[in-house]
Number of protein chains: 2
Amino acid sequence: MPWDMPRFRNWIAVAKVHVLVEKAMAAGLAPLQLKLPHYDILANVYRFSGLTQQELADRMLVGRSNLSMLLPELERRGLVKRVPDSEDRRVRRLSLTAEGRMLTLRALKVQVQVIENMMAALSAAECEALGDYMRRVGHHMLANPLSADSAV
Amino acid sequence: MPWDMPRFRNWIAVAKVHVLVEKAMAAGLAPLQLKLPHYDILANVYRFSGLTQQELADRMLVGRSNLSMLLPELERRGLVKRVPDSEDRRVRRLSLTAEGRMLTLRALKVQVQVIENMMAALSAAECEALGDYMRRVGHHMLANPLSADSAV
DNA sequence: TTGATTTTGTTCAAGGCTGAACAATATAGT
DNA sequence: ACTATATTGTTCAGCCTTGAACAAAATCAA
C-alpha cells in the first residue's frame, strides 16, 4: 500500500508538519486579531510594496477573487492602502499604512517564533539541507507539472 | 528582516511546495469528482476501517464539526458507511463501501503520482533525510507547543 | 483605425473549515 | 444512587477559497 512506501510517508510527514505550523501560527496571530490569510497579505505587501493585486495573488498562490474579498477588510481596518496605478487604469497598487507596518512586524515576530521553535529540532546543516531539498522540489514541480491526462 | 534568515526561508520553501502539491492533488482528483478533504477522509477510513469520527478528526487534524458536514455527502454518494457503535451510543464507526474502496485506490494512485513526480527531484537518501527531519520536527512541535503568552 | 484578444479586479454562488453551543450519552466521584 | 464532568456528534454563524461570469481597460494583429 502507498503508506508503506518511504516517499509517500516522507511526504505525509511534511504535510503533517505544515498543518501543525498553520495551527501554531493561527494561535499566535489570534491576539493580534489576525487570521493567516490576512497576515500573508500584510507580509507580502510589506516586503513588496507597490505590487498589484494580480502580482500578490501570484505570490500567495491564490485566486485574485479571494484577494478582492480580503483586501477591503484590511483597507477598512486601516492597515492597507489600494492606490490606482498612474498608467494602467485597471490596476491598483498595494502598500501598508504605518499601522499596517507595525502590526506586520509584530506578526512577523510570531512567525519567526513558530519557525524557530519548529527548527529547534534540527541542526543548522539539517535545516539548510531541508531548504535546499524543498527549493529544488519546488522548481522541479513548476518545471514539470503533471499533465491532466496522466493521473487516471 | 525575517525573510533574510535561512530558517525562515527554508520554511517558506516547505510551505510553497505544500501549496504546489495541494494544487497538483486537486487537479489530479478532479476527474474522480473528489476534493482533497473528501479524499483525505476516504484514504484514512480505508486504512483505519472502523474508526470513530473523533478519531478521524484527530488523524486529519480537523474539527469534528467539519466531518459532520463532509461525511453525509460521502455517505450520500455511497462511498462511506456510518454505523452506530455496539457499545457506546454516542459513537458512529466509519467504513468504506466496495465502491468507496475502488475510488480510494484510484485516488491513491493520483497521490502516489504527485508524490513520485515531486520526489523525482531528490535522491533516495535526500528523500529519506527529508522524512527524518519532518518526523522529528513534528514530534518536537507536538511535545513543545508554544504557549499562548509567549508570542506577543 | 478597427476588431479581436488578453488582462485586471469585482461579484457571485458554492463549498470547506473553524469554534461555540447544544443534546445525548458515558465516565468519574462521592 | 446520585451529581458533576467529560465525550461524541450535530447544528449554526461567520469566513476563506475557488472558479465562472462580467465590465473596463490594455494590448495585439490586420
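Here is the naming used below: chain letters follow the sequence lines, and residue numbers restart at 1 for every chain.
Proximity of His38(B) to the phosphate of dG15(C): no side-chain N or O atom is located under 4.0 Å from OP1 or OP2. Between Asn66(B) and the phosphate of dT18(C), there is a side-chain N or O to OP1/OP2 separation shorter than 4.0 Å. Checking the phosphate oxygens (OP1, OP2) of dT10(C), a side-chain nitrogen or oxygen of Arg82(A) falls inside 4.0 Å.
The shortest distance between side-chain heavy atoms of Met134(B) and Asn10(A) does not fall below 4.5 Å. Between Thr52(A) and Arg92(A) there is no side-chain heavy-atom pair separated by less than 4.5 Å. Taking the side chain as every heavy atom from C-beta outward, Val112(B) and Met5(A) approach each other to under 4.5 Å. Side-chain contact between Leu34(B) and Leu42(B) is present, with at least one heavy-atom pair separated by less than 4.5 Å. Two residues are said to be in side-chain contact when any heavy atoms from C-beta on lie closer than 4.5 Å; Met1(A) and Tyr46(B) meet this criterion. Between Gln111(A) and Tyr39(A) there is a side-chain heavy-atom pair separated by less than 4.5 Å. Side chains of Val114(A) and Trp11(B) form no contact here, defined as non-hydrogen atoms less than 4.5 Å apart. Inter-residue side-chain proximity for Leu70(B) and Ile41(B) is flagged as met; some heavy-atom pair is nearer than 4.5 Å.
The listed nucleotides are dT25(C), dT11(C), dT8(C); the one nearest the side chain of Met69(A) is dT11(C).
Within 6.0 Å of CZ in Arg47(B) there are more than 12 heavy atoms belonging to other residues, nucleotides or ligands.
The distance between atom CG of Asp88(B) and atom C1' of dT25(C), rounded to the nearest whole Å, is 7 Å. We find that CE of Met60(B) is positioned 14 Å from C1' of dT18(C), with the value rounded to whole Å. Put simply, CE on Met25(B) is 16 Å from C1' on dG16(C), counting in whole angstrom units. For the pair Leu34(A) CG and dC16(D) C1', the computed distance is 15 Å after rounding to whole Å. Rounded to an integer number of Å, the gap from Leu42(B) CG to dG16(C) P is 13 Å. Between Arg93(B) atom CZ and dT8(D) atom P the separation is 10 Å, expressed in whole Å. Separating the CG atom of Leu61(A) from the P atom of dG19(D) is a distance of 12 Å, rounded to the nearest angstrom. Distance Leu67(A) CG to dT11(C) P: 14 Å, rounded to the nearest Å.
Under the 4.0 Å criterion applied to side-chain N and carboxylate O atoms, Arg7(A) and Glu128(B) are not assigned as salt-bridge partners.
Using a 4.0 Å cut-off on heavy atoms, the residues of residues 16-24 of chain A that approach DNA chain C are Lys23(A), listed by number. In the region residues 47-56 of chain B, proximity to DNA chain C at under 4.0 angstrom, judged on heavy atoms, holds for none of the residues. In the region residues 71-81 of chain B, proximity to DNA chain C at under 4.0 angstrom, judged on heavy atoms, holds for none of the residues.
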Output one line per pair: protein atom, nucleotide atom from nucleotides 20-22 of chain D, and distance, for all N/O pairs under 3.5 Å.
none

With 3.5 Å as the limit, what N/O pairs link the protein to nucleotides 2-6 of chain D?
none

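Side-chain N or O atoms of Arg64(B) include none that pairs as donor or acceptor with a backbone N or O of Ala57(B) at under 3.5 Å.
Mapped onto DNA chain D by nearest heavy atom, Glu87(A) and Arg92(B) fall at different nucleotides, with Arg92(B) at the one closer to the 5' end.
Taking the ring centre of Phe48(B) as origin, the terminal cationic atom of Arg59(B) falls inside the region bounded by 6.0 Å and 45° from the ring axis.
Note on Leu70(B): only backbone sugar-phosphate atoms sit closer than 4.0 angstrom, heavy atoms only; bases stay farther off.
Between the side chains of Asp58(B) and Gln54(B), at least one donor N or O sits under 3.5 Å from an acceptor N or O.
Residue Leu130(B) holds its CG atom at 9.5 Å from CD of Glu126(B), rounded to the nearest 0.5 Å. The CG atom of Leu61(B) lies 6.0 Å from the CG atom of Leu20(A); values are rounded to the nearest 0.5 Å. Separation of atoms CE (Met141(B)) and CE (Met119(A)) is listed at 10.0 Å; rounding is to 0.5 Å.
The side chain to side chain donor-acceptor pair (under 3.5 Å) analysis of residues 75-86 of chain A, with sequence neighbours excluded, yields the pairs Gln53(A)-Arg82(A), Glu73(A)-Arg76(A), Glu75(A)-Arg82(A), Asp85(A)-Arg93(A).
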